[in-house]
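Letters A, B, ... are given to chains in the order of the sequence lines, protein chains preceding strands, and every chain is numbered from 1. Note that the structure is predicted; figures quoted are calculated from it, not measured.
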There are 2 protein chains.
Amino acid sequence: MPAMMKMCELLEMEHLDKGKEIAIGNRDKKSIFFLKKGAVKILNSTHNTTKYVVKKGNIFGELSLYDEQAAAMEKAITLEESIICYIQSDMMEELMEKHKSLKNGVFKVYGLRIKKLERRLEDLLYKDSKTRIADFIYAYVKEFGEDKLDRIEAKNLLSHKDIANLTNTSRQTVNNVLSTLRKEKRIDYNTREIAIFKPMLEE
Amino acid sequence: MPAMMKMCELLEMEHLDKGKEIAIGNRDKKSIFFLKKGAVKILNSTHNTTKYVVKKGNIFGELSLYDEQAAAMEKAITLEESIICYIQSDMMEELMEKHKSLKNGVFKVYGLRIKKLERRLEDLLYKDSKTRIADFIYAYVKEFGEDKLDRIEAKNLLSHKDIANLTNTSRQTVNNVLSTLRKEKRIDYNTREIAIFKPMLEE
DNA sequence: TTGAGATGTACTTCAAACGACACTTTAAAA
DNA sequence: TTTTAAAGTGTCGTTTGAAGTACATCTCAA
């Protein structure tokens, strides 16, 4: 979203340590957030289960634009030191009316979210839990990681519980799959980082 | 979507028998559809699994607006005699630029779809299959049904296989739950219709 | 009338959740 | 700094929900 990125220069900015909560829906006014640096996870605020992971350069809280109630159901927690910009949703609406590219950008974000959700639901029907977890790890490292000679390395920002939530599995199964992949030399990980080995990269 | 409904008067209209397929993504031009009468189910076109049920007065194929590829993955099948109106997605885009209320309406539809998907995913995590099926039946009858003295009656438009897809369960489990609910006098159904008994209406 | 699809029921199987516990890391308190 | 508690990780058995298999109706278009 380049338009959003440019806009961000003009906005209120906030610097947050790791593990800080951002109450998407509980502010005096609902806001849309733009993640300038770092990473956050979006939780279901009633069950405290992780629903998404958002990478720097992306927006979150966008649901509050047309459904305040839905936005109130989610909260964000920083997974590492992060910088966010935010704008109140009614101001954002005004801006979107003026700048079509902005509105279309948000439209795309909504569409993408639908696509991801449907994909996840479909996977639940057609893939077993081990595959879902392995697929998730590969996708996560590819999205969040950096390309090295023989491997792709990403910061290990998620707990096994988070991964279990994101793949609709249990913490123990996640651990089991990760350990197995490690034994098979397909991935490696420690508390800091997680890496996938390139020669093993299929798909 | 009142704006859409008014617009519909001006559009191409098509009358379809029960069981007819509408290729959302395979037309020469992608279109948005407005269901004027009847009901359709939206399928995942690769797996032929039912993803949604759309009731008269609602739109479908709206994904093609900002993601043609995603729309190509779905197809619709009429569940009963239906009337649809449709407009090519690029024409719809033009119209939406002119009429803000239309664009905002589509935004709402997207948001609603996200909400439903997230709800479904959440249910998968927190409800067992029997509960999901029962909840679905109650929601379906309430949405599609007509209020009678002691019961709410809806046309029985979905096969057990459809319901299984919609609740991420198996055909046999659906049958099992339905039979049990019938034995318990909480619901009643035959090939034509399905009804829930009001005194039993909780929630 | 006939055959394909839908429904109903029972039994078997198995993936994956769950419970239990030891060990490790992290972060805050003393 | 050291201590301590909380959270996260690693590995087990055990249990069980629900899918799968199998087959007998039933329904309804062609």
Side-chain angles (χ1 to χ4, degrees), chain A residues 16-21 41 43 47-50 77-81 123-137 155-184 187-194, chain B residues 17-21 41 43 47-50 77-81 122-137 155-184 187-194:
Chain A
L16 292 160
D17 287 340
K18 179 181 170 178
K20 288 288 168 273
E21 183 177 327
K41 58 179 174 182
L43 308 188
H47 294 289
N48 263 4
T49 47
T50 303
I77 290 185
T78 50
L79 292 168
E80 57 181 342
E81 211 190 333
D123 284 355
L124 233 31
L125 212 49
Y126 294 106
K127 293 181 180 169
D128 65 14
S129 60
K130 290 167 214 305
T131 311
R132 292 202 306 276
I133 294 165
D135 286 357
F136 174 82
I137 295 300
K155 282 187 204 162
N156 192 351
L157 299 171
L158 299 168
S159 74
H160 293 186
K161 190 168 155 293
D162 288 328
I163 299 171
N165 290 158
L166 290 161
T167 55
N168 281 54
T169 59
S170 73
R171 194 223 102 210
Q172 291 92 325
T173 303
V174 170
N175 182 275
N176 182 2
V177 171
L178 290 194
S179 310
T180 305
L181 288 174
R182 177 152 67 179
K183 272 176 206 142
E184 292 169 352
I187 69 169
D188 194 19
Y189 64 97
N190 56 42
T191 15
R192 295 221 159 60
E193 67 177 27
I194 178 163
Chain B
D17 287 340
K18 178 180 169 179
K20 288 289 169 271
E21 183 177 327
K41 59 179 174 182
L43 307 188
H47 294 289
N48 264 7
T49 47
T50 303
I77 290 185
T78 51
L79 291 168
E80 57 181 342
E81 212 192 331
E122 198 187 313
D123 284 354
L124 234 29
L125 212 49
Y126 292 104
K127 293 179 181 169
D128 64 15
S129 59
K130 289 165 215 307
T131 311
R132 291 201 307 274
I133 294 164
D135 287 357
F136 174 82
I137 295 300
K155 283 187 205 159
N156 193 351
L157 300 172
L158 299 169
S159 73
H160 293 186
K161 191 170 154 291
D162 287 329
I163 300 171
N165 290 158
L166 290 161
T167 55
N168 282 54
T169 60
S170 73
R171 193 223 102 208
Q172 292 90 328
T173 304
V174 169
N175 182 274
N176 182 3
V177 171
L178 290 195
S179 313
T180 306
L181 288 173
R182 177 153 65 180
K183 272 176 207 142
E184 291 169 354
I187 70 171
D188 195 18
Y189 64 98
N190 57 40
T191 13
R192 296 223 157 58
E193 66 178 29
I194 177 162

Taking the side chain as everything from C-beta on, heavy atoms only, tell me whether B:D162 gets closer than 4.5 Å to B:K41. yes
Sub-4.0 Å heavy-atom contacts from residues 166-180 of chain B onto DNA chain D, ordered by number: B:N168, B:T169, B:S170, B:Q172, B:T173
Between B:T131 and B:K127, is there a donor-acceptor pair closer than 3.5 Å when you use the side chain of the first and the backbone of the second? no
Tell me whether A:D123 contacts the main-chain N or O of A:Y126 through its side chain, where contact means a donor paired with an acceptor under 3.5 Å. no
Can you give me the first and the last nucleotide of DNA chain C (5' to 3') that has an atom within less than 4.0 angstrom of a non-hydrogen atom in chain B? C:dT7 to C:dT9
Within the structure provided, determine whether B:R132 and B:L124 are in side-chain contact (heavy-atom separation under 4.5 Å). yes
Does a side-chain heavy-atom distance below 4.5 Å link B:L158 with B:F136? yes
Name the residue closer to the 5' end of DNA chain C, choosing between A:T191 and A:K127 according to the nucleotide with the nearest heavy atom. A:K127
Compute the bend angle of the helix from C:dT1-D:dA30 to C:dA30-D:dT1 from the end axes (five pairs per end), rounded to 10°. 50°
Any A:I137 side-chain heavy atom under 4.5 Å of A:I194 side chain: yes
Residues in side-chain contact (heavy atoms from CB on, under 4.5 Å) with B:N175, at least two apart? B:H160, B:S179
Contact class for A:R132 (heavy atom, under 4.0 Å): base, sugar-phosphate, or nothing? nothing
Across all chains, not counting sequence neighbours, the side-chain contact (heavy atoms from CB on, under 4.5 Å) partners of A:K155 are A:E80, A:L157
Note: chain B reaches DNA chain D at heavy-atom distances under 4.0 Å over the stretch, first to last nt, 5' to 3', of D:dA18 to D:dC28
Give a yes or no answer on whether the side chain of A:R182 reaches the backbone of A:Y189 with a donor-acceptor pair at less than 3.5 Å. yes
Are A:T173 and A:N176 linked by a side-chain donor-acceptor pair shorter than 3.5 Å? no
Between A:T49 and A:N165, does any side-chain donor sit less than 3.5 Å from a side-chain acceptor? no
B:I187 vs B:L178 side-chain heavy atoms within contact, under 4.5 Å: yes
Validation row: B:R171, B:V174 side chains within 4.5 angstrom (heavy atoms): no
